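The block underneath contains the structure these notes are about, expressed in structure tokens.
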Number of protein chains: 2
Amino acid sequence: MITQKMKYALKALLVLADEATRPKPEALTIEEIAKRSGTPKRFLEHILLEVRNAGVIASIRGRSGGYSLIKKPSDVSISELLRTIDGPIAPLPCLSRRAYQRCEDCADEATCRIRKVFAEVFWSYLLIIDSLTLEDMLRSSEAADQVLGA
Amino acid sequence: MITQKMKYALKALLVLADEATRPKPEALTIEEIAKRSGTPKRFLEHILLEVRNAGVIASIRGRSGGYSLIKKPSDVSISELLRTIDGPIAPLPCLSRRAYQRCEDCADEATCRIRKVFAEVFWSYLLIIDSLTLEDMLRSSEAADQVLGA
DNA sequence: CTAAAACACGACAAAGACAGTAGACAAAAC
DNA sequence: GTTTTGTCTACTGTCTTTGTCGTGTTTTAG
């Protein structure tokens, strides 16, 4: 299960991506993003901060400040966002590349049967999710619109 | 990340599966399973109970009691075990078949872009993990042995 | 220059999940 | 009927999740 926080982050990014595609895109305030995405404003602060530190959005301080997307939607990886917001996505700590941790109770990784079987699942899973970007989410709404419009 | 509990469950099942393939298989006590799998005994009680209720193992009470595997390893689904021990495996509650729950804040599932994109990932993921059984774990140890033996 | 509007950051808190532990009970064998 | 084993309920500490609050800092409108 992805966390509520991750859902909020995605909703916020969708709002910002929608804004970015408009003729004259402006930076949106937290207030505005919170309203459009239906997230608690004070919670969204923390989330947007993390997303900004990940280099996906930029913030402008002071009056007439706000947030804006600074990457192309096709360059915003969903799996990277997951890692940023929810932490490691590997099923076992010993399978995570960037958050590797040896399993306390594991005598030998090379022969660990649990590790072995989940490694296979994980690689296949990574193939799928690593190729997913924010653009795929934008596109999927178009598809839904088409269905609804038909 | 799978929980420690799930790891214990898998280790216990591996112990029981190994026992089941021996010439004269016997029911193993919690004590014995705990020792062989490196699990806290009192915690293992809870775990084995859940696994038993899921119909994967059987228990015998009283003196000379214990646990034994009652399914063929090839019939013990890893994903079912995951659902039993760790709960729903869907990334969103609205994507789970057996633990379906409507997302509080979602106005319309049919057009939800988050749901849409995770649904695709999830179906692919299910294809992989639903086909995985305990037998695959047993086999993977043979492969490791071969590599080590070479 | 000052006040207002906005982001930044740390502390705090309630609720739930996770990882066990403990005690009392029930059944079966000897 | 005592011992050995599984069964069941309850409890507990720690960590994570989902926020809220207060206080700062930056920018700009006026």
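Being a predicted model, the structure only gives us computed values, none of them experimental.
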Nearest heavy atoms of A:S124 and B:I128, plus distance in Å
CB-CD1, 3.2 Å
Could you tell me whether the side chain of B:R115 and the main chain of B:C94 form a donor-acceptor pair under 3.5 Å?
yes
Side-chain donor or acceptor of B:D18 paired with backbone N/O of B:V15 under 3.5 Å:
no
Does a side-chain N or O from A:S59 land closer than 4.0 Å to OP1 or OP2 of C:dA8, or not?
yes
Return the nearest nucleotide to the side chain of B:K5; candidates are C:dC9, C:dA19, D:dT18.
C:dA19
Could you state the CD-P distance from B:E104 to D:dG19, rounded to the nearest angstrom?
11 Å
Greater than 12 external heavy atoms within 6.0 Å of A:R102's CZ
yes
Sorted by number, the residues of residues 77-89 of chain B with heavy-atom contact under 4.0 Å to DNA chain D
none
Taken to the nearest whole Å, CE/A:M1 to C1'/D:dT18 is 17 Å
A:R22 side chain to A:E26 backbone, donor-acceptor under 3.5 Å:
no
Whole-Å distance between C:dG10 P and A:N53 CG?
11 Å
Separation of D:dT18 P from A:K11 NZ (nearest whole Å)
13 Å
Is it true that a side-chain atom of B:D86 and a backbone atom of B:I2 form a donor plus acceptor pair closer than 3.5 Å?
no
Nearest non-hydrogen partners of B:P88 and B:A99, listed with the distance:
CG-CB, 3.6 Å
Which atom pairs link the protein and nucleotides 20-28 of chain C when you take only N or O atoms and keep those under 3.5 Å?
from   : atom 1 : to    : atom 2 : distance (Å)
C:dG20 : OP2    : B:Y8  : OH     : 3.0
C:dT21 : O4     : B:H46 : NE2    : 2.6
C:dA22 : N7     : B:R42 : NH2    : 3.3
C:dG23 : N7     : B:R42 : NH2    : 3.2
C:dG23 : O6     : B:R42 : NH2    : 2.1
C:dA26 : O4'    : B:R61 : NH2    : 3.4
C:dA26 : N3     : B:R61 : NH2    : 3.3

If each of B:I30 and A:I2 is mapped to the nucleotide of DNA chain D with the nearest heavy atom, which maps nearer the 5' terminus, i.e. the 5' end?
B:I30
For the pair made of CD in B:E32 and C1' in D:dT5, what is the distance, rounded to whole Å?
14 Å
Between CD1 of A:I47 and P of C:dA8 the distance, given in whole Å, is 14 Å
Looking only at heavy atoms, which two atoms of B:E50 and B:T84 are closest? And how far apart?
OE1-O, 3.4 Å
Between A:S131 and A:D136 the two heavy atoms that sit nearest each other are O-OD2, 3.7 Å
Using whole Å, what does the distance between atom P of nucleotide D:dT5 and atom CZ of B:R52 come to?
18 Å
How close or far is atom C1' of C:dA8 from atom CD of A:E50, stated in whole angstroms?
13 Å
